[in-house]
Amino acid sequence: MTNPCIICVAITGSVPTQADNPAVPVTIAEQIESTHAAFEAGATIAHCHVRDDAGKPTSDPERFARLKEGIEAHCPGMIVQLSTGGRSGAGRERGGMLPLAPDMASLSVGSNNFPTRVYENSPDLVDWLASEMLAYNVKPEIEAFDLSHIVQATRMASDGRLKSPLYVQFVMGVKNAMPADEPIFDFYIETLKRLAPDAQWCAAGIGPAQLTVNEWAISKGGHTRTGLEDNIRLDRNTLAPSNSALVQRAVDLCEKYERPVATWQEARAILGLQKSAA
């Protein structure tokens, strides 16, 4: 198989703390250093959240700006993807960093249950976030926590609210949302190919599902996401020592399935992103 695999590293997220795993990067400097190591290991997309001085999630555009600048300086060519996720703010605050014009941003196009709450994405907010991404030429990564999210993303692309081709990430293993189930995974792929034949897809598994979903995605020709946001362990008894260690695990799977790991140049070409100045 000659189809290059894009590896995304989700470096921090909104939930894990250094009390959970000391390797979780929290400050901007820690995040830049961790991202650089993951980039050298083979990751070409950095999925980014930021934390405040107390280590709590925030959507502060100034912090996102410093993180984006640092990654661009230390990881030339790497694709910077900023999170508009709901744990970091409320309403339009979640898109306050989009005028920074990152390469990409996450976009959840519908609501679903999380472990202890509803992850709410109202139609009005989704449409506003999508319009901001269009305005600032930011490519969305559609976060599909449910089959309906795939259908909604293709509907938004068909009526011009999103640009085609889509990039859709299947998120599996979140408690109370879609489980990591291979027949469901296969149906996701089939449905996306039917509704949006030109779309690219990737997949992320949460917690112990990470390695399993990495393997499914790589073996089936898609792209994949790893990192300490989604999973802080190598196995039940071993904490992951770094984001780069989790990236290396995905790289090893690419070798197993004879998938070349996409370079940043290849990743940008696959996703239709402008070339970096690097």
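Numbering of residues begins at 1 and proceeds along the displayed sequence.
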Roughly how far, to the nearest 0.5 Å, is [atom2] of [Y] from [atom1] of [X]?
X: M78; Y: I71; atom1: CE; atom2: CD1; result: 6.5 Å
X: T212; Y: F185; atom1: OG1; atom2: CZ; result: 11.0 Å
X: L228; Y: S242; atom1: CG; atom2: OG; result: 7.0 Å
X: D20; Y: I232; atom1: CG; atom2: CD1; result: 5.0 Å
X: I28; Y: E69; atom1: CD1; atom2: CD; result: 11.0 Å
X: L129; Y: R92; atom1: CG; atom2: CZ; result: 8.5 Å

Between [X] and [Y], is there a donor-acceptor pair closer than 3.5 Å when you use the side chain of the first and the backbone of the second?
X: Q31; Y: H49; value: yes
X: E93; Y: A90; value: yes
X: E229; Y: I11; value: no
X: N176; Y: P115; value: yes
X: N243; Y: G227; value: no

Between R233 and T238, is the side chain to side chain contact (heavy atoms under 4.5 Å, CB included) condition met? List the steps.
CA-CA 6 Å; R233 298 182 177 277; T238 311; over 6 Å; no

Report the residue from Q81, K68, R268, K139 that forms a side-chain hydrogen bond (donor to acceptor under 3.5 Å, both in side chains) with D103.
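Looking at Q81, K68, R268, K139, the match for D103 under the side-chain hydrogen bond (donor to acceptor under 3.5 Å, both in side chains) is R268.
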
Heavy-atom side-chain contact between [X] and [Y] under 4.5 Å:
X: T224; Y: I6; value: no
X: R249; Y: L234; value: yes
X: H36; Y: E33; value: no
X: S83; Y: V50; value: no
X: M156; Y: V109; value: yes
X: L147; Y: T191; value: yes
X: L162; Y: P140; value: yes
X: V24; Y: T17; value: no

Measure across [X] and [Y] and return the closest heavy-atom pair with its distance rounded to 0.1 Å.
X: A177; Y: N113; answer: CB-O, 3.6 Å
X: A209; Y: A180; answer: CB-CB, 3.7 Å
X: I218; Y: A250; answer: CD1-O, 3.6 Å
X: V138; Y: P102; answer: CG2-O, 3.6 Å
X: N3; Y: G221; answer: ND2-O, 2.8 Å
X: T84; Y: M97; answer: CG2-SD, 4.1 Å

Kindly determine whether R225 and L246 satisfy side chain to side chain contact (heavy atoms under 4.5 Å, CB included), including the steps that lead there.
CA-CA 10 Å; R225 167 169 136 168; L246 295 173; over 6 Å; no

Between [X] and [Y], is there a side-chain N and carboxylate O pair less than 4.0 Å apart?
X: D127; Y: R161; value: yes
X: R194; Y: E190; value: no
X: R259; Y: E255; value: no
X: D53; Y: R63; value: yes
X: K256; Y: E215; value: yes

So, for [X] and [Y], is the gap between ring centers shorter than 6.0 Å?
X: F114; Y: F145; value: yes
X: W201; Y: Y167; value: no
X: Y188; Y: W216; value: no

Side chains of [X] and [Y]: is there a donor and an acceptor less than 3.5 Å apart?
X: H223; Y: Q200; result: yes
X: D52; Y: T58; result: no
X: S148; Y: D146; result: yes
X: N121; Y: S111; result: no

For F170 and L192, what are the C-alpha separation, side-chain angles and deciding distance, and is it a side chain to side chain contact (heavy atoms under 4.5 Å, CB included)?
CA-CA 10 Å; F170 312 141; L192 183 64; 4.1 Å; yes

Using the rule that Ile, Leu, Val, Met, Phe, Trp and Tyr join whenever any side-chain heavy atoms are under 4.5 Å apart, tell me whether [X] and [Y] fall into a single cluster.
X: W264; Y: V251; answer: yes
X: M104; Y: I142; answer: no
X: L107; Y: Y136; answer: yes
X: I7; Y: V168; answer: yes
X: L98; Y: L134; answer: no

Please assess R51 against E30 for the test salt bridge (charged side-chain N to carboxylate O under 4.0 Å, His left out), listing each intermediate value before the final yes or no.
CA-CA 11 Å; R51 306 283 183 94; E30 289 170 345; over 6 Å; no

Tell me if the CD atom of Q248 is crowded by more than 12 foreign heavy atoms within 6.0 Å.
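Yes, enclosed.
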
Run through the side-chain heavy atoms of Ile, Leu, Val, Met, Phe, Trp and Tyr, join any pair under 4.5 Å, and report what else lands in L195's cluster.
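V151, which link up through side-chain heavy atoms under 4.5 Å apart, make up the rest of the cluster.
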
Considering residues at least two apart in sequence or located in another chain, which fulfil the side-chain hydrogen bond (donor to acceptor under 3.5 Å, both in side chains) criterion with E120?
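With sequence neighbours excluded, E120 shows a side-chain hydrogen bond (donor to acceptor under 3.5 Å, both in side chains) to no residue whatsoever.
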
As a quick check of understanding, evaluate side chain to side chain contact (heavy atoms under 4.5 Å, CB included) for V26 and Q18, giving each step before the final call.
CA-CA 8 Å; V26 174; Q18 291 182 340; 3.9 Å; yes

